[in-house]
2 protein chains.
Amino acid sequence: MAARRVTIIDVARRAGVAVSSVSSALNGRPGVSESTRERIVQVANELGFVPSLRAKSLSGRRAFTVGLVVHRDPDVLELDPFFGGFIAGIEEAIDPRGYALVLQVGARGDEVHQRYRKLAADRRVDGVFMVDLEVDDPLIALVQELQVPAVAVNSGDDSPLPAVRQDANAGIRETVQHLAALGHRRVAYVGGRPHLLHSLQRENAWRAALAESGLTPGPVVTGDFTYLGGAAAAATLLALPDPPTAVMCANDLSAIGFITQAESMGIDVPGKVSVAGFDDIQFGTYVRPALTTVRTTPRELGRESGRMLIDLIETGEVDDVTVPDARLVVRDSTAPVPPGR
Amino acid sequence: MAARRVTIIDVARRAGVAVSSVSSALNGRPGVSESTRERIVQVANELGFVPSLRAKSLSGRRAFTVGLVVHRDPDVLELDPFFGGFIAGIEEAIDPRGYALVLQVGARGDEVHQRYRKLAADRRVDGVFMVDLEVDDPLIALVQELQVPAVAVNSGDDSPLPAVRQDANAGIRETVQHLAALGHRRVAYVGGRPHLLHSLQRENAWRAALAESGLTPGPVVTGDFTYLGGAAAAATLLALPDPPTAVMCANDLSAIGFITQAESMGIDVPGKVSVAGFDDIQFGTYVRPALTTVRTTPRELGRESGRMLIDLIETGEVDDVTVPDARLVVRDSTAPVPPGR
DNA sequence: TTGAAAGCGATACCAC
DNA sequence: GTGGTATCGCTTTCAA
């Protein structure tokens, strides 16, 4: 049988002080002389006192827990480069501060709503991360209604929620400039799931960058961030009477799908068409040709999000944060425009 | 400002009964007449009463939370086919029963130990999942010492912990039989990280299956479950004076690495060498040739693990469970042995 | 500065 | 059956 837990009362008794003094001493609150504090700390260590999280939660009205609801199909999750790093980053930030992460997965929209409602009703978490935000996402209104502290990841500039962002613009601009410098004038775009905010952001960045380079947008295919979507886009774009000489894809997975499809159509990459991705997944370094892409840093995003959320929970306010830009990584899937095009 | 929470006292007052009766009524405990129970439930609904999880935790000595500590590098996680499905499965099982999952990530061994210790000291979770078990894993002793209920996933047959297993034997036997039927006599093996229990299990299964088919084991390369490891194994095995005509890899990722390396050495797959993987990751269906592999079902494992862990927490004992066997999926990376070999 | 006592919101035991 | 109350282990007022 487990020995009875050492409680704050044991510490108080042993140190010959009141429990309130122990509490103040151990939580660094004022109201105890330095000498008693030292004695209390000493005794607490001797006794191996660990304050009960449950009791703290009940009396302190905090769960010391934050939540992440992943609105995605588990199968999609398998190929997702974001969450592993993001979660690791969150952990780095919250663990030292005594918080833990509750993770929930749900594919369907209504399901996700229910998760948030339940999380809030149970007061299981003190705050939540909002990722994969959609345009006019109803979840934003939901967490506001629920009064749950929340930080948004890569939300729009007009986010009503505190936000941490990694700007895609810089990386995409670099990519477009890189392609332009290689002589490409007809640059197509393979988008991601259109209602997702970051799909829009990326596409807008692409348009803006083209304009800056004095180019007009090439054909655009609406994709879905999947391998198969990228392959389908290749089938469409490369069958065009005047096919693009370069393609920017909304993520690496679709870029890889695009490349595979192109090659199976006998169209060489990057000989006939240059392809660039976005994310910098590991597979991008393994495929042939190795993928030119924009490197994002989910771990930094997670770390900053975690820090922000806890600051928000504990102080009630935080400033938005921007992590260093996503940057272009040039590999082998982009090359000078073929002669005669 | 958030309205004051509706408590059990409010419900009791409104229903004109004692709080203890409300508690009994709402938790389906005996000791209340059917009529008062109905009235209480009615009132609770009217008032929108949601019992406080925090108070329940403190008085009921349960956190209604279970933990998963992932002993892995976040970068590796990115390509891992297991956790997405596994976590989704856990959730399916625990959410309806009122539990949530705390996820922690840690790469270094001592770090992981500390996580478990902290989880236990804080009593943050009521139980934990043990995955990626190593041979003579010290974590098993740790959770026993810590007295934390735990279920082991794919542990050895002599596990001191309740376990849920998916047998790799059947699938690997099928694979070997498939290769044997194609005429292969010289079947190599590319292993996984050697101290991991499931690496051993898979290699043993391979040996046993070969023996059953009357074949002697081909060359074995110790891998590490990575793409690069698979590629390195190909470089080694295919440079042998008498190279194998077929290779079984400990997982799909290394199989894909193997294939890529083989082809870059000008050795056709499956023309010159057949390659089979293990896991059935999505990429396996995208690569050319599409990968012959053994399909595992992490989601089922998660679901059963979740169910078991909660049963264990609530009843103190459970029986081991075996989910349906991993099965062979034949695609294009395996073919008849080339003539003359 | 220190200590006593009132919450926090349930569960569970024990009278009646 | 039902109602009162001690208990879980802290935090936080408020007197002394």
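Chain letters run A, B, ... following the sequence lines, proteins first and then strands; every chain starts at 1. Nothing here was measured: the structure is a model prediction, and the numbers come from that model. Any value given below was found using the heavy atoms of this structure, including those in side chains, with hydrogens, waters and symmetry copies removed.
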Report, as yes or no, whether the 6.0 Å neighbourhood of atom CG on A:Asp136 holds more than 12 heavy atoms from other residues, nucleotides or ligands.
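Incorrect, the count does not exceed 12.
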
Ring geometry between A:Phe86 and A:Phe82 (parallel below 30°, tilted from 30 to 60°, perpendicular above 60°)
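Parallel.
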
When we call it a touch if two heavy atoms are under 4.0 Å apart, what does B:Thr36 touch: a base, just sugar-phosphate, or nothing?
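Sugar-phosphate contact only - B:Thr36 comes under 4.0 Å of backbone atoms but never of a base.
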
Answer yes when B:Lys56 and B:Asp126 have at least one side-chain N-carboxylate O distance shorter than 4.0 Å, and no when they do not.
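Looking at B:Asp126 together with B:Lys56, the answer is no, because their closest N to O distance does not fall below 4.0 Å.
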
Looking at A:Glu314 and A:Arg97, is there a salt bridge between them, counting it only when a charged N and a carboxylate O are closer than 4.0 Å?
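Yes.
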
Any donor-acceptor pair under 3.5 Å linking the side-chain atoms of A:Ser23 with those of A:Ser20?
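Short answer, no.
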
Any side-chain donor near an acceptor of the partner, A:Gln42 and A:Glu38, under 3.5 Å:
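Looking only at side-chain atoms, A:Glu38 and A:Gln42 do not form any donor-acceptor pair under 3.5 Å.
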
Does the protein touch nucleotides 6-16 of chain C at the base, only the backbone, or not at all? Give it as B, S and - per nucleotide, heavy atoms under 4.0 Å.
-BBBBSBB---

Side-chain donor/acceptor of [X] to backbone N/O of [Y], under 3.5 Å:
X: A:Ser159; Y: A:Leu161; result: yes
X: B:Arg39; Y: B:Ala15; result: yes
X: B:Thr36; Y: B:Val32; result: no

Would you mind reading off the bend of the helix from C:dT1-D:dA16 to C:dC16-D:dG1 from its two end axes, five pairs each, to 10 degrees?
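If I round to tens, the end axes sit 50° apart.
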
Find out whether B:Thr322 and B:Glu304 are in side-chain contact, i.e. whether some heavy atom of one side chain is under 4.5 Å from a heavy atom of the other.
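Counting from C-beta outward, B:Thr322 and B:Glu304 never come under 4.5 Å.
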
Taking heavy atoms of chain B and a 4.0 Å limit, find me the 5'-most and 3'-most nucleotide of DNA chain D within that range.
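Listed 5' to 3', the contact boundaries are D:dG1 to D:dG9.
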
